[in-house]
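See below for the structure under consideration.
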Amino acid sequence: MPLPMSLGSWAVHIGVLLADQPGERRVALVPDVVKKLVAAGHHVTVAPSAGEAAGFPDDTYREAGAEIGVPSDVDLVAVIELPTSGTVPGRAVLGMLRPFDQPEAMTALAATGVTAWAFEAVPRTTRAQSIDALSSQATVAGYQAVLEGAVASDRFFPMLTTAAGTIRPAAVLVLGAGVAGLQAIATARRLGAVVSAFDVRAAAGEQVESLGAKFVTLEVPAQDAAEAGGYAKEVADDEQQRILDGLAPIVAQSDVVITTAAIPGRPAPLLIETRTVEAMRPGSVIVDLAAATGGNCAATVPGETVSHNGVTIIGATDLMARVSADASRMYSRNVSSFLALVTAADGSFDPAVDDDIVIDSMICRDGSVVHSRLLEQ
Amino acid sequence: MPLPMSLGSWAVHIGVLLADQPGERRVALVPDVVKKLVAAGHHVTVAPSAGEAAGFPDDTYREAGAEIGVPSDVDLVAVIELPTSGTVPGRAVLGMLRPFDQPEAMTALAATGVTAWAFEAVPRTTRAQSIDALSSQATVAGYQAVLEGAVASDRFFPMLTTAAGTIRPAAVLVLGAGVAGLQAIATARRLGAVVSAFDVRAAAGEQVESLGAKFVTLEVPAQDAAEAGGYAKEVADDEQQRILDGLAPIVAQSDVVITTAAIPGRPAPLLIETRTVEAMRPGSVIVDLAAATGGNCAATVPGETVSHNGVTIIGATDLMARVSADASRMYSRNVSSFLALVTAADGSFDPAVDDDIVIDSMICRDGSVVHSRLLEQ
Amino acid sequence: MESLLIPITVFVLAAFVGFEVITKVPPTLHTPLMSGSNAISGITVIGAIVAVGSSDTTTATVLGFLAVTFATINVVGGFMVTDRMLEMFKRGDRR
Amino acid sequence: MESLLIPITVFVLAAFVGFEVITKVPPTLHTPLMSGSNAISGITVIGAIVAVGSSDTTTATVLGFLAVTFATINVVGGFMVTDRMLEMFKRGDRR
Amino acid sequence: MNITLQGFLYLLAAVLFIVGLKRLTSPATARTGNRFASIGMLLAIVVTLLDAGIIGYGAVIAGLVVGAAIGAYLARTVEMTAMPQLVAAFNGFGGGASALVALSALATEPDSDTRTLVTIGISVLIGALTFSGSFVAFGKLQGVLGGQSITFPGQIVVDSLLAIAGVAGVIALATSGSMLWAWILIAVAFALGITRTLPIGGADMPVVISFLNSASGLAASAAGFVIDSNALIISGALVGAAGLILTNIMVKAMNRTLANVLFSVFGAGSAAVADDGTEKVTRSASADDVAVTLAYAERVVVVPGYGLAVAQAQHVLRELAALLESKGVEVRYAIHPVAGRMPGHMNVLLAEADVDYELLYDLEDINGDFPRTDVALVVGANDVVNPSARDDSTSPIYGMPVLDVDRAGNVIVIKRSLSPGFAGIDNPLFYNENTLMFFADAKEGIGEIVGAVKEL
Amino acid sequence: MNITLQGFLYLLAAVLFIVGLKRLTSPATARTGNRFASIGMLLAIVVTLLDAGIIGYGAVIAGLVVGAAIGAYLARTVEMTAMPQLVAAFNGFGGGASALVALSALATEPDSDTRTLVTIGISVLIGALTFSGSFVAFGKLQGVLGGQSITFPGQIVVDSLLAIAGVAGVIALATSGSMLWAWILIAVAFALGITRTLPIGGADMPVVISFLNSASGLAASAAGFVIDSNALIISGALVGAAGLILTNIMVKAMNRTLANVLFSVFGAGSAAVADDGTEKVTRSASADDVAVTLAYAERVVVVPGYGLAVAQAQHVLRELAALLESKGVEVRYAIHPVAGRMPGHMNVLLAEADVDYELLYDLEDINGDFPRTDVALVVGANDVVNPSARDDSTSPIYGMPVLDVDRAGNVIVIKRSLSPGFAGIDNPLFYNENTLMFFADAKEGIGEIVGAVKEL
Ligand SMILES: NC(=O)c1ccc[n+]([C@@H]2O[C@H](COP(=O)([O-])OP(=O)(O)OC[C@H]3O[C@@H](n4cnc5c(N)ncnc54)[C@H](OP(=O)(O)O)[C@@H]3O)[C@@H](O)[C@H]2O)c1
Ligand SMILES: NC(=O)c1ccc[n+]([C@@H]2O[C@H](COP(=O)([O-])OP(=O)(O)OC[C@H]3O[C@@H](n4cnc5c(N)ncnc54)[C@H](OP(=O)(O)O)[C@@H]3O)[C@@H](O)[C@H]2O)c1
Ligand SMILES: NC(=O)c1ccc[n+]([C@@H]2O[C@H](COP(=O)([O-])OP(=O)(O)OC[C@H]3O[C@@H](n4cnc5c(N)ncnc54)[C@H](O)[C@@H]3O)[C@@H](O)[C@H]2O)c1
Ligand SMILES: NC(=O)c1ccc[n+]([C@@H]2O[C@H](COP(=O)([O-])OP(=O)(O)OC[C@H]3O[C@@H](n4cnc5c(N)ncnc54)[C@H](O)[C@@H]3O)[C@@H](O)[C@H]2O)c1
């Protein structure tokens with residue numbers, strides 16, 4: 001086992017765990033990034049087989065200069081999600097901890113005395129973009145959702161004029177034009193589908209059109225999301241109904257619907273009712289990216305693919321894990337960009353640095369939960 | 001049940017069966033085409049639920065003017081493949097009967113006295129293009145193969161420059177640039193992959209490049225396929241080895257390989273040896289469209305998806321059936337174009353018409369096998 | 001030669017105008033332009049008129065008459081036929 | 001007026017040449033072209049030379065001398081400065 | 001009339017000619033340009049008629065009336081297809097007139113000074129040469145003399161001798177001032193015009209006419225020197241120079257040089273020998289031709305084929321379409337079911353270029369529209385637009401439905417050569433009357449067309 | 001020297017001027033064009049010096065030597081940035097010379113005929129006006145008079161009175177032939193030149209100079225009428241006409257009209273007031289400017305941003321790149337990690353336009369190359385090229401890595417306005433010395449650039 005190039009008191013010792021959620025195939029650090037960290041003087045311990053499912057066998061980590069072994073008492077544990085045990089073998093942890101979905105788990109985590117940063121709490125500022133794991137993983141999800149939808153669809157996406165007749169292009173509808181939605185639009189357009197999209201945020205229209213898709217306007221006031229940190233807010237009940245009714249006929253005419261609408265810390269907004277699903281052509285497909293937070297479609301079963309009246313409804317929550325190699329690559333960059341913030345000038349680990357990103361994203365520290373939003377609740 | 005508009009002695013009575021092969025979801029005639037046939041005075045009997053899996057419930061056939069019921073003693077039975085029973089409830093049958101793969105079944109079929117036409121035996125002439133079901137279904141297979149490969153891949157297909165690093169485009173290799181191969185190239189290019197392709201036919205190079213992909217040239221003589229009716233021939237043994245060796249390093253560097261190489265009536269040529277698979281990066285994918293005839297990859301298991309050394313090898317033989325609606329649409333057009341040839345001027349069924357397409361594609365008649373290639377064997 | 005200075009100056013300048021005036025011509029206008037400029041070269045008609053008008057010998061008169069006739073054919077025919085050819089561009093005002 | 005016919009004819013033709021000769025000019029050439037054509041307008045230098053060379057009064061000589069000086073500044077300076085500006089297009093021969 | 005006023009009016013006429021010529025170079029202004037020029041001419045004629053020097057109006061009026069009648073009759077009645085030869089004939093008359101003016105001046109004042117006599121000689125020489133040359137061109141175009149190049153042994157020797165004789169004739173005339181020499185000169189010039197024009201092939205005739213037109217301008221200018229008329233000098237020089245430029249433009253559009261056209265005995269048109277041994281002729285076009293044809297159309301249907309894919313010309317094609325649309329032209333695409341080499345090949349390309357799906361028409365949907373289509377633009381397609389699949393039951397592709405582009409007003413075919421497509425058979429479309437072939441790689445060719453449309 | 005030979009040599013000089021001017025309009029030939037013209041001028045001067053009429057060479061030679069020395073010195077030593085004012089000064093000298101020639105003619109022959117006197121008056125008027133106007137323009141550009149428009153109450157009245165006085169002066173001079181009137185005329189013309197130029201803003205000065213240049217051509221032509229010199233008439237008319245056309249081209253490039261420039265008192269440059277209240281000036285460019293800058297570059301880096309997506313300009317951008325490449329320019333693309341509005345936004349667009357992946361460079365890979373880049377072409381990007389993210393620690397986007405386009409030789413930014421991007425902050429790049437702003441929708445703008453490059 002090669003020794004890390006330098007192991008002075010100032011290096012950060014990083015641990016990478018093997019994800020233990022079912023279906024999870026990603027790894028928090030890929031060998032390429034490990035190599036850079038090691039070159040920068042850090043020490044990385046990678047749990048055996050941690051990268052296996054993402055296509056990075058242990059040997060590739062060894063070559064990158066990591067130590068293979070079960071991390072324990074490291075400075076910082078990098079994870080995809082919080083291990084099912086709810087604890088981490090180190091002084092600090094960084095990952096997509098889902099703090100606002102599982103506040104109790106955070107309280108329990110805090111009790112272990114660990115310092116925890118959640119990517120979900122990283123502010124959406126310009127400078128924080130390279131740390132924005134939610135964006136990087138939503139990109140993956142948006143892309144994969146279209147592929148899954150296309151595979152499940154009984155129709156071609158592109159138009160095809162052939163000796164055996166002309167096949168009209170598939171109609172794809174994307175609901176929610178955030179990071180994942182835009183990527184879904186781009187991917188579906190690439191495949192040749194006729195794409196339309198809807199979102200409640202005012203800025204979304206131009207962005208949708210900048211990808212060559214049609215923006216669906218319903219008679220609901222567009223939100224100015226600037227105040228909400230770029231995120232959408234829940235809509236009023238009467239607006240909600242108008243959205244449901246407005247979307248229904250468009251959904252019914254679509255061959256594939258990709259739903260991505262989300263409101264941070266809230267259950268996903270309902271956009272497709274069961275009766276709308278029933279109005280769809282048998283053979284059409286709904287991919288519900290919001291399944292994990294309840295789904296945008298009433299017929300969605302999170303984690304499963306179901307058929308309702310001939311319509312396939314994909315509620316998979318592990319879409320990002322399916323593009324394991326590239327999703328892990330992007331995630332690793334997010335992790336290492338964050339790490340740069342908590343590394344002091346002398347190279348040592350400095351969890352208390354005065355940086356708004358580090359402070360804002362901190363969930364718990366010194367035994368107690370510190371994030372304002374969790375404290376409010 | 002609405003009566004067909006006219007049922008004189010001159011109308012052709014067509015029967016559509018429910019496909020009984022496992023995984024088969026296509027139907028030989030879709031309601032749109034049925035409607036045209038009925039308008040032309042033909043009588044169509046569709047087996048209950050025949051179109052269900054392709055997204056065409058019985059009602060849609062009823063609306064198109066068909067009779068729903070078990071066809072019996074019809075003029076012409078239109079099928080996707082020969083029913084597992086090996087017999088058809090009519091005087092003639094048209095479908096992808098795989099005559100050269102299962103000559104015994106043809107002999108048995110002939111024994112029932114039926115007249116049978118196989119799409120596999122339709123000559124590849126300009127005029128026959130609208131009847132060329134092999135082409136139409138290969139188109140579907142090529143498209144779907146790329147989607148399956150992309151879904152199974154742990155990599156993004158397109159290049160992506162993001163705040164979380166730049167993802168290089170996936171390298172896709174297509175082996176065999178026939179109808180399916182070209183469609184695969186086009187689809188992979190649409191998704192943004194860097195595509196290269198190989199084929200033994202001389203004409204393929206320009207065609208591959210006309211789709212913006214790179215043509216791989218190995219040091220083997222290119223075939224002039226004009227003599228073989230557009231099809232490739234088997235290559236000599238030493239050439240074969242040179243192909244295998246030449247492709248090996250390229251395969252090893254590819255993220256997704258789609259193999260489509262075929263020689264009609266012969267087992268699929270071997271293009272990827274097991275050791276080449278083992279040289280591939282874990283996480284990469286092979287989609288073997290030739291699985292049904294043995295596969296282009298030594299590690300392929302027909303009909304199954306297996307993982308060999310971390311490489312996913314998709315040997316599915318039902319890819320066309322997965323795009324059931326559009327595949328059926330195209331197939332129906334092939335069927336109805338053929339039907340036009342065997343319909344006499346007075347509208348009656350004329351299986352003995354003097355037309356090279358009808359004659360060439362005839363497998364058996366009056367109790368005996370008539371196709372020259374089968375007689376030769 | 002002195003008396004030639006002015007006509008030559010005029011000739012050179014006019015030739016330059018001729019060279020510069022024609023720069024890019026779409027091919028469909030080649031024939032009309034040729035025809036139109038050919039009609040302009042029928043300006044010899046004024047020479048012919050002067051010649052016949054001031055002629056005193058019969059030869060000169062006959063020659064002059066022929067000259068006027070020829071030149072007038074060139075002028076009248078030329079402009080009219082050009083106009084006919086250009087009728088197809090009437091739609092040119094669409095833009 | 002008769003004596004004006006020829007000069008005016010010449011003037012009109014030259015003006016046409018001037019109008020036609022300049023059609024499309026890329027903006028980077030605006031200043032050099034202005035400067036170059038300005039140097040050409042220094043042709044008054046020949047008028048000045050004639051004026052001073054044939055002058056008999058002192059006033060005329062002084063005026064003529066000034067005229068020659070001014071015009072020469074215009075001519076020499078103009079052409080030289082244009083050339084300097086155009087140096088940047090030396091790479092123009094790359095194609 | 002006051003001689004100065006007359007001078008200014010002549011100048012005005014000249015200005016009208018200049019402005020007219022200028023306007024004749026753009027489709028939008030060409031018609032008014034021609035009118036400007038004709039007004040200038042009317043002005044010049046009227047001014048001349050009012051000239052104090054004119055004594056006998058009889059012959060003048062007679063000439064004007066007879067000439068106008070003949071000219072108007074010819075201009076009105078001649079078929080549109082016979083325009084080139086008509087222009088040739090008019091040009092011949094113009095040249096003849098110049099020669100006659102000079103002759104008549106000689107007859108009136110045989111004792112002119114040398115300079116005048118030289119000018120008379122030149123005027124006679126050019127004028128007569130233009131006359132005979134133009135009428136030979138007329139004959140060739142009219143078919144009277146056959147379109148082919150006519151040569152005879154010793155051509156060069158004869159031509160050279162005639163040319164020398166012409167120069168000698170001018171000198172002899174200038175020194176003698178004798179009418180006899182003038183007639184000899186005319187004969188020589190006549191002969192030269194004939195021998196020089198006969199060897200040139202029919203396809204090159206427009207160039208010859210344009211060149212002779214330029215020459216007739218020079219003849220007019222020379223006549224101007226003789227009778228000391230600025231109006232003649234200016235107009236003649238104008239036409240001479242403009243004609244030369246136009247000749248050059250035409251020659252360039254044919255990828256030739258002027259010398260090559262005038263002195264090559266092999267100036268035959270572009271003809272292809274078809275399979276059956278008969279000679280089939282294609283009409284080949286330049287990017288500019290195509291540009292004008294497209295830009296002045298109302299309805300264009302683009303028919304893409306395999307060549308579009310080979311050339312990867314989809315992006316530039318879309319740009320051309322956008323450009324045409326911005327000019328108000330309706331552009332649609334006809335997608336043949338088997339265009340290209342794989343099902344949906346054209347869809348892939350056009351989708352890549354982001355062509356709106358709404359603009360793609362299937363064979364059945366568009367075939368009825370071709371008779372109402374101004375231009376069918378066939379880009380690298382061949383078999384799918386082969387009318388023999390429809391008309392010729394012996395054709396190997398008989399029975400395949402094809403796009404009926406030949407029913408459109410004009411067909412423009414962009415491909416690199418006359419080579420066949422996938423089916424390996426000849427395409428009669430290429431030899432149709434209403435088909436223009438633009439031989440080019442689709443990408444480069446369409447790029448050129450885009451450039452040409454932008455400059456219209 | 002033989003007067004006829006002299007005449008022909010002058011004609012030759014005029015032809016050299018014409019050819020020179022023609023060549024000056026294209027970058028490739030401009031330099032030789034200038035040389036042609038200067039050879040023409042040398043010829044004209046030498047021919048004049050050999051004129052039999054010249055008796056006293058002293059003053060002539062003195063003037064030539066002094067003038068040449070001053071002219072050469074100025075032309076050699078003046079900074080490149082001071083070129084416009086230098087041209088203004090030279091122009092002033094030219095106008096002055098015309099006036100002086102006329103004055104001197106008057107002094108020599110006070111009893112000339114009326115026509116000559118009228119011409120002298122016109123020559124003096126235009127010449128003196130050009131002189132004073134040019135020097136005011138010089139002063140403004142040099143900063144001596146301040147770049148702003150200088151107005152005073154009653155401007156119009158004074159101008160009108162001076163204009164009337166000028167006309168009256170010409171008439172008085174023509175009727176009296178008196179030197180006194182000539183001086184008065186000079187004073188009036190001087191005053192008019194000053195009052196008419198002062199109100200025009202610094203940014204419009206090039207137009208004024210070009211206009212005065214045209215005027216000085218007319219003055220030279222008028223002087224030609226005075227001394228009956230065809231050389232002067234031709235050259236003057238040439239410059240007068242060409243100058244007018246050039247003025248018009250310049251005015252059009254500024255989207256103005258000539259009247260608007262000359263008679264508007266609000267002719268200030270385009271300046272923007274920045275957030276902090278100080279005035280920041282952008283240099284705005286036309287499609288032609290951008291085309292020339294790009295076509296003459298060796299290395300171009302394209303920086304696409306969200307605006308490219310909004311305008312859907314990817315196809316035409318690629319076309320521009322292809323065009324530049326065909327001219328030997330190296331074109332690469334710098335893709336900022338967060339350009340656009342979603343990860344990989346630019347990749348989607350450029351892939352759609354079929355831009356080779358090899359040409360796409362990441363921020364880290366290309367940032368070091370900008371100092372070696374001739375032109376950075378920023379298309380609809382803003383935040384990702386904002387240098388304050390690098391330099392200004394108070395900026396809200398401080399710390400974000402940006403593309404260092406400001407380190408390239410030239411920066412061209414295509415966007416519709418000065419509006420901010422996603423981050424909502426101002427971009428100092430736009431006000432840099434080496435930044436040219438091309439305000440346009442990206443698709444339309446690039447389309448225009450493509451057209452302009454094609455015409456180079
Ligand atoms: N779509 C399918 O599924 C399929 C499959 C197999 C076969 N086919 C057959 O393919 C044919 C398709 O018809 P088509 O009209 O599309 O093509 P085609 O008949 O093969 O003709 C293509 C033409 O494009 C020209 N070309 C090639 N490269 C070019 C370039 N770079 N620039 C400009 N022109 C170029 C060639 O002429 P030059 O060499 O003179 O340039 C050629 O004649 C049909 O016969 C069809 O039956 C179709
Ligand atoms: N990539 C991502 O994942 C992502 C996600 C969210 C936010 N962001 C943020 O988005 C920004 C991206 O930077 P950017 O430089 O690409 O864009 P930007 O800073 O938003 O600037 C885009 C510029 O394009 C111009 N524009 C808009 N429409 C145009 C048109 N039709 N033609 C020409 N110009 C047009 C606008 O100026 P005019 O109005 O004057 O034309 C605008 O200033 C960054 O601030 C980034 O943080 C990125
Ligand atoms: N640093 C940055 O500048 C930065 C970084 C990342 C994302 N962003 C911006 O933040 C925005 C949202 O990002 P996200 O994708 O992570 O958001 P998200 O995952 O929280 O939500 C997805 C989308 O669903 C939409 N939505 C919510 N309720 C809806 C409803 N009832 N109907 C329809 N749509 C509904 C939202 O508007 C959002 O676009 C994006 O526009 C993105 O550009 C900015
Ligand atoms: N009417 C027509 O004109 C018509 C209709 C359909 C197809 N075609 C042509 O026929 C050709 C083949 O059609 P297909 O796709 O049905 O063929 P196929 O399915 O039989 O074979 C697929 C491809 O595998 C290739 N191949 C065979 N052995 C190989 C080897 N050892 N290595 C690499 N590649 C090998 C073949 O060349 C062929 O391109 C195509 O080019 C198509 O264009 C013509």
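By convention in this document, chain letters (A, B, ...) are assigned in the order of the sequence lines, proteins followed by strands, and residues within each chain are numbered from 1. As the structure is a prediction and not an experimental result, all values here were calculated from the model.
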Pick one of side chain, backbone, both or neither for E:Arg35, based on which atoms fall under 4.5 Å of a heavy atom in chain C. side chain
Please state whether the rings of E:Phe131 and C:Phe70 are parallel, tilted or perpendicular, taking 30° and 60° as the class boundaries. parallel
Looking only at non-hydrogen atoms, find the nearest pair between C:Arg84 and E:Glu79 and report the distance. NH2-C, 4.1 Å
Options E:Ala237, E:Ala452, E:Ala107, E:Ser98, ranked by heavy-atom pairs under 4.5 Å with chain C, top entry: E:Ala237
For a quick test of reading the model, state the closest non-hydrogen atom pair linking C:Val68 to E:Gly63 and the distance between them. CG1-C, 3.5 Å
Considering non-hydrogen atoms only, spot the tightest contact between C:Phe79 and E:Asn34 and give its length. O-ND2, 3.0 Å
For C:Ala39, is it the side chain, the backbone, both or neither that has a heavy atom under 4.5 Å from a heavy atom of chain E? backbone
Mind checking the CD1-CD1 spacing from E:Ile45 to C:Ile49? Nearest 0.5 Å is all I need. 5.5 Å
Quick check on E:Ser221 against chain C: is it the side chain, the backbone, both or neither that has a heavy atom closer than 4.5 Å? side chain
Nearest-0.5 Å distance that lies between atom CG in C:Asn74 and atom OG in E:Ser134: 9.0 Å
Contacting region of E:Thr293 [heavy-atom separation from chain C under 4.5 Å]: neither
Would you mind telling me which of E:Gly243, E:Gly40, E:Ser38 has the largest number of heavy-atom pairs within less than 4.5 Å of chain C? E:Ser38
Among E:Leu246, E:Ile18, E:Thr29, E:Asn230, the residue with the most heavy-atom pairs under 4.5 Å to chain C is E:Leu246
With a 4.5 angstrom heavy-atom cut-off, could you sort out which part of E:Leu86 is near chain C: side chain, backbone, both or neither? side chain
Where C:Ile43 and E:Leu232 come nearest, the two heavy atoms and their spacing: O-CD1, 3.4 Å
Going through the distances and angles, do E:Thr25 and C:Leu29 end up as a side-chain contact (heavy atoms from CB on, under 4.5 Å)? CA-CA 7 Å; E:Thr25 63; C:Leu29 282 181; 5.6 Å; no
Tell me which of these, E:Ala37, E:Ala220, E:Ala223, has more heavy-atom pairs under 4.5 Å with chain C than the rest. E:Ala37
Chain C interface, residue from E:Gly217, E:Ala105, E:Gly96, E:Ser210 that has the most non-hydrogen pairs under 4.5 Å: E:Ser210
Non-hydrogen atoms of chain C under 4.5 Å away: do they reach the side chain of E:Tyr73, the backbone, both or neither? neither
Between E:Val78 and C:Val81, does the side-chain contact (heavy atoms from CB on, under 4.5 Å) criterion hold? Intermediate values first, please. CA-CA 9 Å; E:Val78 167; C:Val81 86; over 6 Å; no
Would you compute the distance between atom CG of E:Leu218 and atom CZ of C:Phe11 and round it to the nearest 0.5 angstrom? 5.5 Å
Can you say whether C:Val17 sits under 4.5 Å from chain E via the side chain, the backbone, both, or neither, judging by heavy atoms? both
Are the side chain of C:Asp83 and the backbone N or O of E:Arg31 linked by a donor-acceptor pair below 3.5 Å? no
Nearest heavy-atom pair of E:Leu24 and C:Thr82: which atoms, and what distance? CD2-CG2, 4.3 Å
Which region of E:Leu106, side chain (C-beta onward) or backbone (N, CA, C, O), has a non-hydrogen atom less than 4.5 Å from a non-hydrogen atom of chain C, or is it both or neither? neither
Heavy-atom cut-off 4.5 Å, strictly under: side chain, backbone, both or neither for C:Val45 against chain E? side chain
Apply side-chain contact (heavy atoms from CB on, under 4.5 Å) to E:Val66 and C:Thr72, showing your working. CA-CA 8 Å; E:Val66 173; C:Thr72 311; over 6 Å; no
Side chain, backbone, both or neither: which part of E:Ser229 has an atom under 4.5 Å from a heavy atom of chain C? side chain
For the atom pair CG (E:Leu74) and CE (C:Met80), what is the distance rounded to the nearest 0.5 Å? 10.0 Å
The interface call for E:Phe225 against chain C, heavy-atom contacts under 4.5 Å, is side chain
Count the heavy-atom pairs under 4.5 Å between each of E:Ile209, E:Ile70, E:Asn91 and chain C, then report the option with the highest count. E:Asn91
Output for pair (E:Ile233 CD1, C:Ile6 CD1), nearest 0.5 Å, gives 10.0 Å
Residues C:Ser37 and E:Val239: closest non-hydrogen pair is O-CG2, 3.3 Å
What part of E:Thr77 gets within 4.5 angstrom of chain C, counting heavy atoms only: side chain, backbone, both, or neither? backbone
Using heavy-atom distances under 4.5 Å, tell me whether E:Ala62 contacts chain C through its side chain, its backbone, both, or neither. both
Atom CG in C:Leu63, atom CE in E:Met179: separation rounded to 0.5 Å? 5.0 Å
